[in-house]
Amino acid sequence: MPITILIGAQWGDEGKGRVVDWLAAQADIVARYAGGDNAGHTVALDGEVYKLHLIPSGILHSNVVSIMGNGMVINPVNLVREIQALRRVGVEITPERLVISSRAHIITPAHVALDKANELALGDAKIGTTLRGIGPAYLDKTGRAGIRTGDMLLDVEEFAEGLIAAIELSNEDLRARALEPLDAQAAAQSYLEAADFLRPYIQDVSIYLYKALKAGKSVVCEGAQGTLLDIDHGSYPFVTSSSPTAGGALTGLGVGPLYVDRVLGVAKAFSTRVGGGPMPTELHGAIAEHFRGSGANFWDEFGTTTGRPRRCGWLDLVMLRYAVGVNGLSELMLTKMDILSGLDELKLATAYEIDGERHEYPPVTNEQLERAKPIYETMPGWREDISNCRSFGDLPAAAQAYIERVVELCDLPIDIVSVGPERDQLVMKTAAPATPVKLRNL
Ligand code: IMP
């Protein structure tokens, strides 16, 4: 298993963190390749809940090296905070266990301020970003005006000068919009402290991975966000600014395609979305509430990063089929199957009807997507609590039929289904062991 790419097959929040945690048990390296602290990956372990925003979920395994790739945008101050918070609960983080690309881009306080200002200016048409400065940081990257993590290895004065100049430039923009400018000197100070802390962790990730792959190491690429939020393949402009799809893993880490032997898609057994943009199977009312939960549990459908309630709906096979194609998935994993328990019937959107025409794949414009009427297939639900099921045969017949129908409609195998947040709450179709072979050393 040289490289396994794991991607979100929907609008993010598919439960990728727990899947990466499971895959990491058999891997040497876990590498994130896109996004920044807009992500929120939750891993539940022995009653503890770990919420990771920047650091790959592999960090919870003592034998795994975690990598942050060049495709990411990193807020160094928030990264230092995350490292320190993990250390406080006993997770060992050293430059041997965490490697940060020297080619990732830095999110400055100006990016965060501009993200907020842009959303404000859009009013009702806002994207609903996480307000972490993601879009403005990628804009500076592609506009060739960004500051990179490798710049933290430079002379301190030079790094500070670049940062202050970037903040002052954004201040002009903020003033023009009658918004409060930032204190560039104070911001630079906190970034210099973070740079001091992070310097030993920074190196060329592409070369690191090349050597590791040549030496026979296995790598899990941990996708953030999801296919339908991809800058190219999502419902633009209601997307993030990076490439969470499988192709993004290669450019976001600097590795070649010949090492990839598995592309695993993770999808929830229903649909959720945070922020604006079309969502054809969105529900309002009792069933949406059933999917969302009350917010009392960490697995309820409220954003890990923003706390916003997520929009909920039936599983959308039109979107899922699209994600299968865009990523070239080799298999699919369904999460949160247990949440479907207790409903009399379940619906699967198998196609859309737009202006009297049947669509098997999503149309390109949001205008058409907003008008798309899902064509549903109704299946019987089940009442049983399935959270203790561990094999496919333990599941009620209706749950087995639901999974089989998704397999047929996506033309892809589903061998693993999650039925709860804990590491062992997995249903395996085959007799493969669910228990990780390596244990975390906390
Ligand atoms: P941004 O990535 O903060 O610019 O937000 C752009 C869009 O992507 C918004 O609709 C966000 O809600 C959504 N988004 C970004 N990160 C995540 C995530 O990790 N999970 C779900 N949605 C996300």
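Atoms within a ligand are numbered from 1 in the order they appear, just like the ligands themselves. In what follows, every heavy atom counts, from backbone to side chain, and hydrogens, waters and symmetry copies are set aside. In this chain, residues are counted from 1 in sequence order.
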For this session: Would you check if the side chain of Glu377 reaches a backbone N or O of Ala349 as a donor-acceptor pair within less than 3.5 Å?
Result: no
Exercise. Which protein heavy atom lies closest to atom 2 (O) of ligand 1, and at what distance to 0.1 Å?
Worked result: Thr240 OG1, 2.6 Å
Exercise. What protein heavy atom is closest to atom 3 (O) of ligand 1, reported as residue, atom name and distance in Å?
Worked result: Thr130 OG1, 2.5 Å
Problem set entry | Derivation and outcome, side chain to side chain contact (heavy atoms under 4.5 Å, CB included), residues Asp37 and Ile74 | CA-CA 7 Å; Asp37 55 343; Ile74 298 173; over 6 Å; no
Exercise. Does Tyr138 offer a backbone N or O that forms a donor-acceptor pair with the side chain of His111 under 3.5 Å?
Worked result: no
Exercise. Heavy atom of Arg132 under 4.0 Å from ligand 1?
Worked result: no
For this session: For Trp11, take its heavy atoms, then give the atoms of ligand 1 lying under 4.0 Å from any of them.
Result: 21 (C), 22 (N)
For this session: Determine the sole option in Arg310, Arg292, Arg311, Arg273 for which the salt bridge (charged side-chain N to carboxylate O under 4.0 Å, His left out) test with Glu282 is passed.
Result: Arg311
For this session: Check Arg18 against Leu426 and note the closest heavy-atom contact, atom names and distance.
Result: NH1-CD2, 3.0 Å
For this session: Decide whether an N or O pair under 3.5 Å exists between Thr129 and ligand 1.
Result: no
Problem set entry | Backbone or side-chain N or O of Val239 under 3.5 Å from ligand 1 N or O | no
Exercise. Mind checking whether Phe291 and Trp314 have ring centres under 6.0 Å apart?
Worked result: yes
Problem set entry | Test item: Asp300 side-chain N/O and Gly293 main-chain N/O as donor-acceptor pair under 3.5 Å | no
Problem set entry | Any donor-acceptor pair under 3.5 Å from His284 side chain to Cys312 backbone | no
For this session: Find all atoms of ligand 1 within a distance of less than 4.0 Å from any non-hydrogen atom belonging to Gly128, and give their numbers and elements.
Result: 9 (C), 10 (O), 11 (C), 12 (O)
Exercise. Under 4.0 Å from any heavy atom of Ala39, which atoms of ligand 1 are there?
Worked result: 19 (O)
Exercise. Closer than 4.0 angstrom: is that true for some heavy atom of Phe238 and an atom of ligand 1?
Worked result: no
Exercise. Any N or O on Asp115 sitting closer than 3.5 Å to an N or O of ligand 1?
Worked result: no
Problem set entry | Minimum-distance protein heavy atom relative to atom 10 (O) of ligand 1 | Val274 O, 3.2 Å
Exercise. Can you find a heavy atom in the side chain of Tyr376 that is under 4.5 Å from one in the side chain of Thr350?
Worked result: no
Exercise. Does Ala224 come within less than 4.0 angstrom of ligand 1, counting non-hydrogen atoms of the residue?
Worked result: no
Seminar exercise, completed: Looking only at protein heavy atoms, what sits closest to atom 17 (C) of ligand 1 is Gln225 CG, 3.6 Å
Seminar exercise, completed: When distances are taken from atom 20 (N) of ligand 1, the protein heavy atom at minimum range is Asp13 OD1, 3.0 Å
Seminar exercise, completed: ligand 1 to Leu229, heavy atom cutoff 4.0 Å, flagged ligand atoms 8 (O), 13 (C), 14 (N), 22 (N), 23 (C)
For this session: May I ask you to decide if Glu422's main-chain N or O and Gln425's side chain share a donor-acceptor pair within less than 3.5 Å?
Result: yes
Exercise. Below 3.5 angstrom, do we get any N/O pair linking Arg308 and ligand 1?
Worked result: yes
